[in-house]
Amino acid sequence: MTEDHFPFTLDPFQQDAIAAIAARRSVIVSAPTGAGKTVIAEFAIEQTLAMGGRVVYTAPIKALSNQKYANFSERWPGRVGIATGDVALNTNAPVMVMTTEVLRNIGYRSFEMSKYRDAEARTEADSTRLDGPSEWMDSKFSCIILDECHFLGDPQRGTVWEEIMIQAPASVQFVALSATISNAHEIEAWMRAIHGPIVRIDCHHRPVPLTHWGLSPRSPLEPLTGHRTAPGAKHTHTYDLRHRHHRAMIPTQKVISTLAHKHLLPTLYFIFSRGGCEAAARRMMRFDPLVTREEAEAIAVSVSDFMEGLPNLSLSVPPTLLMRALQHGIGIHHAGLLPAWKRLVEQLFEKGFLKVVFATETMSLGIHMPAKSIVLESLKKRDDTGGVRLLRAGEFLQMSGRAGRRGIDTEGHCVLLTPDEESRRLGIRLIAEPPEPVVSRFKMGYATCAVLAMTFPTYDDIQAYIERSFGQFQQRLQAEKLTGQIAEEEQQLANRPSRLSDTKRLRKSIAHKKVSVTRLTGSYWAAFLRTTRVLETIDYMTESRKMSTRGFFLSGLRNDNELLVTETIFSDVLYNLKGPDVAAILSCLLEEPRTRDLPPWTSWLAHRKQMRVLLHQVELMMYRLTKVQQEAGMDFPIIFHRWYIAAVYEWASGADWTTVVTERFGGQEGDFVRILRRLIDLMRQCAENDALPPDLRPSLRKGIQCIDRDIVLESALL
């Protein structure tokens with residue numbers, strides 16, 4: 001396949017990328033959202049198939065993976081498979097769609113636990129010499145497409161991306177696709193250093209131009225113009241993040257009617273809270289529908305057809321607000337909704353039936369939902385700690401990039417609500433601000449360290465592997481910069497400054513920078529040593545790196561709470577329990593919810609003495625592990641809570657969905673599905689682990705079977 005086969009003229013960056021891929025070279029492409037990076041991925045797939053190879057397409061979120069699986073299956077019928085944490089279909093297909101976690105896990109799983117069965121027969125020296133992690137990629141896939149690869153800088157997922165790139169042999173062709181990032185050259189240099197030649201292609205041109213508008217309570221829609229901050233300049237302004245008056249000052253109906261008058265619908269209206277999205281929909285439903293009677297009838301038919309294809313949806317809590325909003329041409333999209341309802345909104349929007357979708361920023365993460373315009377209700381959002389911060393330039397680019405449909409619109413429109421002059425100036429600065437550089441989030445959890453200790457014959461080999469990380473690469477660049485500064489200051493010191501104060505200042509600066517250089521060049525190795533010290537203290541491995549049974553089990557987990565999971569599995573807590581009990585206890589090891597309201601588990605647990613005793617044992621293990629970590633200078637999260645236990649137990653015991661959600665969970669359906677899917681993934685990892693005590697396998701499998709049913713199973717396929 002060549003670029004002549006495309007039914008449209010390719011942009012220069014697409015031509016360059018396709019030419020490089022055709023020459024069997026790896027590429028990293030940085031281009032604006034909506035610029036057409038999917039064309040590049042599809043060409044790579046076509047070429048790999050033509051050569052008789054296998055290709056894997058990876059994405060950071062399940063929704064994007066599922067959408068690509070549907071699209072690719074239409075284009076290459078019968079030749080596409082999918083593997084996420086929830087579902088695995090046609091896994092021998094030449095085109096595989098995977099989440100990055102699954103791809104990384106395949107690499108580890110192919111060599112780590114297969115060594116467990118005959119470990120007892122090995123000598124201590126032999127037990128540390130395993131096959132390298134790159135074999136699987138070399139034999140399974142000849143091309144890996146990394147979509148949204150700027151997720152290298154994601155605090156939760158970034159490590160996974162780095163591990164995939166570190167593991168891959170030179171024979172694998174990488175096609176890395178990213179939204180606009182300011183340090184693509186740095187990622188290129190790193191990938192070249194660890195993997196081999198790679199072509200970097202930067203595109204800053206949007207095929208559909210974007211106009212930015214401001215809308216205030218007293219002024220009409222007007223272009224956001226004024227003095228712009230120079231690219232790369234730092235914000236020097238201050239902004240009171242406590243201001244909350246802007247929502248009331250600019251009525252939602254005024255915003256939508258203004259867009260309708262200017263022919264700027266359909267629009268994605270970003271609001272950074274679930275409650276805010278639902279409240280905005282309620283406000284809009286007080287006015288006339290945004291669709292004609294014929295369009296409303298077409299929406300009703302589409303909704304009916306959609307629900308017929310998913311019979312278990314009838315078991316869910318009826319989303320009355322969403323159903324009414326859809327008839328007005330209004331959608332709601334946030335993580336609290338069931339995956340099915342979110343998919344319905346996406347499909348109706350793609351068909352052109354919905355004129356506005358009130359969405360949280362999760363809508364900006366790669367899902368194909370182009371609009372003529374986007375609206376940003378605020379320039380601030382809550383951070384992971386519950387505080388409030390200003391929107392980052394990269395986040396702004398992701399969301400504003402949704403505006404302008406290629407082949408449909410000649411221009412996209414981004415509307416910022418600017419209730420006062422200060423917010424208007426902030427909007428202008430944000431428009432001019434370049435995206436933040438991708439910073440490595442590489443960290444080595446206990447399982448990763450155990451795998452490395454098992455895999456490589458010497459500590460030097462382990463250190464060499466760790467130093468291939470993007471994190472160590474970036475720190476090495478910082479160290480080189482500091483070393484140059486040290487040389488300059490030492491030269492100044494050699495010239496004997498006339499003032500004693502200058503001499504003292506230079507000596508202090510040099511000493512401080514030397515300490516920083518030492519820290520930067522050895523921080524990841526020091527972290528590895530601290531982590532293995534914990535594993536040695538709790539008898540998971542010896543100083544000679546021979547693994548105990550618990551160590552082998554740990555090495556097969558991919559979970560942020562792997563230590564407490566392993567301790568719980570190998571204690572007597574789960575023995576002689578039925579599937580629902582096992583599921584309920586393991587749910588206490590998942591991430592905690594955002595809400596701090598009194599959960600509905602307290603009264604449920606009050607009448608279950610045996611369960612309280614078992615949970616107390618797990619809690620004591622948590623305290624012991626926390627103390628060991630603190631003594632070793634580690635601060636990995638060790639999670640234990642009781643928030644989900646009642647809801648999980650009742651669902652696993654056969655209770656109906658609506659009762660469990662409303663009476664035992666106390667949250668939104670989408671959150672409960674996500675928790676159950678993560679619990680299923682954790683239980684499956686344990687059940688498939690060769691080092692699992694055999695007596696626990698039946699109860700784990702039964703627990704999975706009890707949970708993975710009806711609406712939960714159905715959600716895995718969406």
*Asks:* List the atom of Ile181, the atom of His150, and the distance in Å for their closest heavy-atom pair.
*Replies:*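 Reported closest heavy-atom pair: CG2-CB, 3.7 Å.
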*Asks:* Can you name the residues that form a ring-ring contact (aromatic ring centres under 6.0 Å, His included) with Phe640, not counting sequence neighbours?
*Replies:*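 Phe640: no ring-ring contact (aromatic ring centres under 6.0 Å, His included) contacts found.
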*Asks:* What's the spacing between Ile18 CD1 and Ile40 CD1 if we round to 0.5 Å?
*Replies:*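 These two atoms lie 6.5 Å from each other.
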*Asks:* Does Thr483 have any side chain to side chain donor-acceptor pair (under 3.5 Å) partners at least two apart in sequence or in another chain, and if so, which?
*Replies:*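 Testing Thr483 for side chain to side chain donor-acceptor pair (under 3.5 Å), a comparison that skips the adjacent residues, returns none.
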*Asks:* So, the side chain of Asp147 versus the backbone of Ala59: is there a donor-acceptor pair under 3.5 Å, distance only?
*Replies:*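 Flag not set: sc Asp147 to bb Ala59 has no pair under 3.5 Å.
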*Asks:* Can you measure from OG (Ser715) to CZ (Arg343) and round to the nearest 0.5 angstrom?
*Replies:*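 Interatomic distance, Ser715 OG to Arg343 CZ, rounded to 0.5 Å: 13.5 Å.
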*Asks:* Rounded at 0.5 Å granularity, tell me how far CD1 in Ile462 sits from CG in Leu452.
*Replies:*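 Here the rounded value is 6.0 Å.
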*Asks:* Does the side chain of Pro32 reach to within under 4.5 Å of the side chain of Cys203, using non-hydrogen atoms?
*Replies:*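 Of all side-chain heavy-atom pairs linking Cys203 with Pro32, at least one is under 4.5 Å.
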*Asks:* Does Trp525 have any side chain to side chain donor-acceptor pair (under 3.5 Å) partners at least two apart in sequence or in another chain, and if so, which?
*Replies:*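 Scan of Trp525 (side chain to side chain donor-acceptor pair (under 3.5 Å), adjacent residues dropped) gives none.
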*Asks:* Mind checking the CZ-NZ spacing from Phe13 to Lys37? Nearest 0.5 Å is all I need.
*Replies:*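 The distance works out to 6.5 Å.
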*Asks:* His334: which residues meet the side chain to side chain donor-acceptor pair (under 3.5 Å) condition with it, sequence neighbours left out?
*Replies:*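 Result, side chain to side chain donor-acceptor pair (under 3.5 Å) vs His334: Glu278.
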*Asks:* Within the distance-only criterion (no hydrogens, no angle test), does the side chain of Arg104 pair as donor or acceptor with the backbone N or O of Ile164 below 3.5 angstrom?
*Replies:*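 No.
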*Asks:* Give me the ring orientation class for Tyr524 and Phe442: parallel if the planes are under 30° apart, tilted from 30 to 60°, perpendicular past 60°.
*Replies:*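 Aromatic pair Tyr524/Phe442 classed tilted.
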*Asks:* What are the two closest non-hydrogen atoms of Leu391 and Leu430, and how far apart are they?
*Replies:*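 The answer is O-CD1, 3.8 Å.
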*Asks:* Run the salt bridge (charged side-chain N to carboxylate O under 4.0 Å, His left out) test against Arg200 and tell me which residues pass, sequence neighbours left out.
*Replies:*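 Testing Arg200 for salt bridge (charged side-chain N to carboxylate O under 4.0 Å, His left out), a comparison that skips the adjacent residues, returns Glu188, Asp202.
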*Asks:* Please list, chain by chain and in numerical order, all residues satisfying ring-ring contact (aromatic ring centres under 6.0 Å, His included) with Tyr446, sequence neighbours excluded.
*Replies:*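 For Tyr446, the residues satisfying ring-ring contact (aromatic ring centres under 6.0 Å, His included) (neighbours in sequence not counted) are Phe636.
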*Asks:* Check Pro434 against Ala393 and note the closest heavy-atom contact, atom names and distance.
*Replies:*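 For Pro434 versus Ala393, the nearest heavy atoms are O-CB, 3.3 Å.
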*Asks:* Is there a side-chain contact between Glu163 and Thr448 (heavy atoms, below 4.5 Å)?
*Replies:*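 Yes, their side chains come closer than 4.5 Å.
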*Asks:* Restricting to side chain to side chain contact (heavy atoms under 4.5 Å, CB included), what partner residues turn up for Ala371, sequence neighbours left out?
*Replies:*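 Applying side chain to side chain contact (heavy atoms under 4.5 Å, CB included) to Ala371 gives Leu268, Phe349.
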*Asks:* Do you see a donor-acceptor pair shorter than 3.5 Å between the side chains of Asp681 and Gln685?
*Replies:*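 Checked: Asp681/Gln685 side chains pair up, N/O donor to acceptor below 3.5 Å.
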*Asks:* Residues in side chain to side chain donor-acceptor pair (under 3.5 Å) with Arg678, at least two apart?
*Replies:*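 Glu591.
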*Asks:* Distance check, rounded to the nearest 0.5 Å: Thr58 atom OG1 versus Phe151 atom CZ?
*Replies:*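 If I round to the nearest 0.5 Å, the distance is 11.0 Å.
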*Asks:* Which heavy atom in Ala189 sits nearest to a heavy atom in Phe473, and how many Å separate them?
*Replies:*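 Nearest pair, atom of Ala189 first, then Phe473: CB-CZ, 3.8 Å.
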*Asks:* Check this for me: does any side-chain nitrogen of one of Arg392 and Glu436 sit under 4.0 Å from a carboxylate oxygen of the other?
*Replies:*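 Salt bridge: no.
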*Asks:* Can you confirm whether Asn66 sits close enough to Ile82 that some side-chain heavy atom of one is under 4.5 Å from a side-chain heavy atom of the other?
*Replies:*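 SC-SC contact between Asn66 and Ile82 confirmed.
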*Asks:* Any chance you could lay out the side chain to side chain contact (heavy atoms under 4.5 Å, CB included) test for Val80 and Asn90, step after step, and finish with the verdict?
*Replies:* CA-CA 7 Å; Val80 182; Asn90 197 19; 5.7 Å; no
*Asks:* Under the salt bridge (charged side-chain N to carboxylate O under 4.0 Å, His left out) rule, collect the residues that match up with Asp154, sequence neighbours excluded.
*Replies:*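 Partners of Asp154 under the salt bridge (charged side-chain N to carboxylate O under 4.0 Å, His left out) test: none.
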*Asks:* Are the side chains of Ser555 and Met454 in contact, using a 4.5 Å heavy-atom criterion?
*Replies:*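 Yes, side chains in contact.
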*Asks:* If the condition is ring-ring contact (aromatic ring centres under 6.0 Å, His included), which residues does Phe470 pass it with, not counting sequence neighbours?
*Replies:*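 Phe470: ring-ring contact (aromatic ring centres under 6.0 Å, His included) contacts with Trp190.
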*Asks:* Find out whether the Lys NZ or Arg CZ of Arg545 is both under 6.0 angstrom from the six-membered ring centre of Phe456 and within 45° of the ring's axis.
*Replies:*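 Here Arg545 fails the 6.0 Å and 45° test against Phe456.
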*Asks:* Please confirm whether the backbone N or O of Val438 pairs with a side-chain atom of Gln474, one donor and one acceptor, at under 3.5 Å?
*Replies:*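 Yes, the answer is positive, given that a donor and an acceptor are paired below the 3.5 Å cut-off.
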*Asks:* I'd like to know if Arg558 and Glu101 make a salt bridge, using a cut-off of under 4.0 Å between side-chain N and carboxylate O.
*Replies:*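 Looking at Arg558 and Glu101, the cut-off is not met.
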*Asks:* Quick one: does Glu42's side chain get under 4.5 Å of Trp76's, heavy atoms only?
*Replies:*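 Side chain of Glu42 against side chain of Trp76, heavy atoms only: contact under 4.5 Å found.
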*Asks:* Could you tell me if the side chain of Tyr57 sits less than 4.5 Å from the side chain of Val95, heavy atoms only?
*Replies:*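 Not touching, per the 4.5 Å side-chain cut-off.
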*Asks:* Tell me if a side-chain donor or acceptor on Ser142 pairs with a main-chain N or O of Gln173 at a distance below 3.5 Å.
*Replies:*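 No: the side chain of Ser142 does not pair with the backbone of Gln173.
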*Asks:* Counting only N and O atoms by type, is there a donor-acceptor contact under 3.5 Å from the side chain of Ser26 to the main-chain atoms of Phe174?
*Replies:*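 Flag set: sc Ser26 to bb Phe174 pair under 3.5 Å.
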*Asks:* Grab the two heavy atoms, one from Thr84 and one from Ser65, that are nearest each other, plus how far apart they are.
*Replies:*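 So the two residues come closest at CG2-CB, 4.2 Å.
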*Asks:* With sequence neighbours left out, what residues match Lys443 under salt bridge (charged side-chain N to carboxylate O under 4.0 Å, His left out)?
*Replies:*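 Result, salt bridge (charged side-chain N to carboxylate O under 4.0 Å, His left out) vs Lys443: none returned.
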*Asks:* Quick one: salt bridge (charged side-chain N to carboxylate O under 4.0 Å, His left out) partners of Arg533, sequence neighbours excluded?
*Replies:*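 Partners of Arg533 under the salt bridge (charged side-chain N to carboxylate O under 4.0 Å, His left out) test: none.
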*Asks:* Out of curiosity, Glu433 CD to Phe396 CZ, how far, rounded to the nearest 0.5 Å?
*Replies:*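 If I round to the nearest 0.5 Å, the distance is 11.0 Å.
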*Asks:* Given Arg468 and Met165, is the side chain to side chain contact (heavy atoms under 4.5 Å, CB included) satisfied, shown in steps?
*Replies:* CA-CA 9 Å; Arg468 286 165 57 86; Met165 296 180 187; over 6 Å; no
*Asks:* Give the C-alpha distance, both sets of side-chain angles, the deciding distance and a yes or no for side chain to side chain contact (heavy atoms under 4.5 Å, CB included) between Leu563 and Met634.
*Replies:* CA-CA 13 Å; Leu563 272 190; Met634 301 292 294; over 6 Å; no
*Asks:* Quick one: do Thr455 and Tyr465 satisfy side chain to side chain contact (heavy atoms under 4.5 Å, CB included)? Show the steps, please.
*Replies:* CA-CA 11 Å; Thr455 303; Tyr465 180 90; over 6 Å; no
*Asks:* Going by heavy atoms in the side chains, are Ser587 and Ile675 under 4.5 Å from each other?
*Replies:*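 Ser587 vs Ile675: side chains apart.
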*Asks:* Between Glu148 and Arg157, does any NZ, NE, NH1 or NH2 come within less than 4.0 Å of an OD or OE carboxylate oxygen?
*Replies:*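 Salt bridge flag = no for Glu148 with Arg157.
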*Asks:* Is Arg677 reaching over with its side chain to a backbone N or O of Val712, donor-acceptor style, under 3.5 angstrom?
*Replies:*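 Answer holds: yes.
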*Asks:* Counting heavy atoms not belonging to Arg25, are there more than 12 under 6.0 Å from its CZ?
*Replies:*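 Counting neighbours around CZ of Arg25, 12 or fewer heavy atoms of other residues, nucleotides or ligands fall under 6.0 Å, so no.
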*Asks:* Got a donor-acceptor contact below 3.5 angstrom from the Lys380 side chain to the Val388 backbone?
*Replies:*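 Not at all, since once roles are kept as given, no pair shorter than 3.5 Å links the two residues.
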*Asks:* Taking the side chain as every heavy atom from C-beta outward, state whether Leu535 and Leu554 have any atom pair closer than 4.5 Å.
*Replies:*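 Sidechains of Leu554 and Leu535: in contact.
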*Asks:* Would you say Gln14's side chain and Asp11's backbone share a donor-acceptor pair under 3.5 angstrom?
*Replies:*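 Checking the backbone N and O of Asp11 against the side chain of Gln14, a donor-acceptor pair under 3.5 Å is found.
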*Asks:* Please name the pair of heavy atoms, one in Gly445 and one in Thr531, separated by the smallest distance, quoted to 0.1 Å.
*Replies:*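 Residues Gly445 and Thr531, closest heavy atoms: O-CG2, 4.2 Å.
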